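Notes follow the structure.
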Amino acid sequence: MIELLYFAWVRERIGLPREKLETNAATVAELVAELCAREERYAAAFADLTSLRVALDQELADFDAPLAGVREVAFFPPMTGG
Amino acid sequence: MRILVQSEAFDMGAEANAFAKTVSGAGAIVTFTGITRDSAKGDLEVMEIEHYPGMTERALTDIAIQAVARWSLAGCLVIHRYGRLRPHDPIMMVATAARHRADAFAAAEYLMDYLKSRAPFWKKEITASGTDWVAAQDADEDALKRW
């Protein structure tokens with residue numbers, strides 16, 4: 001079971017800030033494909049991966065990163081701190 | 001090293017003075033304060049700042065550790081707010097202390113560059129005409145290349 005977190009407009013498009021998921025996805029990209037197949041709101045949120053960032057257990061990662069052992073996956077737009 | 005992620009306002013003068021008392025062997029302190037910029041039209045009502053609790057503190061700490069090591073800083077302070085801010089409200093502040101000013105300036109710029117695009121904050125502008133997420137600038141990402 002992994003915990004999914006969504007921030008900023010990703011959260012707004014999907015319509016919730018977090019959820020738990022049982023998945024066999026081996027990579028972030030596989031997880032994204034699985035979510036997109038589920039419902040249109042996910043497909044809308046993940047339509048352009050170049051405008052998204054992903055963090056695995058609170059560390060920035062790539063979309064081809066493996067999910068083995070990961071407990072928390074967060075999706076969000078490029079950050080705008082400062 | 002002091003990292004604060006908070007919704008409350010802070011007093012930049014008081015923070016700078018308190019910081020100055022904690023640094024020994026320093027000959028230079030640089031401070032930078034970011035304040036909430038009004039929209040181009042001047043109709044910003046609220047700037048809403050969202051963050052990723054947990055990752056935010058980790059990311060800021062990692063960035064500060066890098067800066068302290070690279071410029072042998074005598075001290076480093078990062079304060080970043082989240083929540084609903086009004087135009088001109090202070091959003092964030094960094095302070096660096098070093099033996100000489102060049103290191104303090106460089107470290108402050110480094111902290112700001114990384115904080116802009118590697119700390120998980122997102123800004124949303126709320127104006128009379130609607131709401132808009134502030135988009136990341138390519139220039140902010142490019143700024144990291146100089147380090």
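Numbered from 1 within each chain, the chains take letters A, B, ... in sequence-line order. Bear in mind the structure is a predicted one, so any value in this text is a computation, not a measurement.
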Pick whichever of [options] has the most heavy-atom pairs under 4.5 Å with chain A.
options	result
B:A59, B:G34, B:S117	B:S117
B:E141, B:K116, B:Q137	B:K116
B:R81, B:M55, B:H80	B:M55
B:M92, B:M112, B:R58, B:M93	B:R58

NZ/NE/NH1/NH2 to OD/OE distance under 4.0 Å, [X] and [Y]:
X	Y	answer
B:E50	A:R11	yes
B:R86	B:D89	no
B:R2	B:E15	yes

Region of [X] in contact with chain A, defined by heavy-atom distances below 4.5 Å:
X	value
B:L115	both
B:K124	side chain
B:R118	both

Item to complete: Under 4.5 Å heavy-atom distance to chain B, tell me which part of A:A55 shows up: side chain, backbone, both or neither.
Response: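 For A:A55, the contact with chain B is made by the side chain alone.
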Worksheet item: Under 6.0 Å from the CZ atom of B:F10, do we count more than 12 heavy atoms belonging to anything else shown?
Response: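 Buried by this count: over 12 neighbours within 6.0 Å.
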Fill in: Minimum-distance pair of heavy atoms, taken over all atoms of B:V23 and B:G75
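Looks like CG1-CA, 3.8 Å.
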Discussion item. Could you check, using the six-membered ring where one of them is a Trp, whether B:Y52 and B:F121 have ring centers closer than 6.0 angstrom?
Written reply: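 No, they do not, as the ring centres are separated by 6.0 Å or more.
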Worksheet item: Will you find, in the side chains of A:Y6 and A:E19, an N or O donor that is under 3.5 Å from an N or O acceptor?
Response: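 Judged by distance alone, the side chains do pair up.
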Discussion item. Taking every non-hydrogen pair under 4.5 Å, which of A:F76, A:W9, A:F7 racks up the most with chain B?
Written reply: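 Max contact count across the listed options: A:F7.
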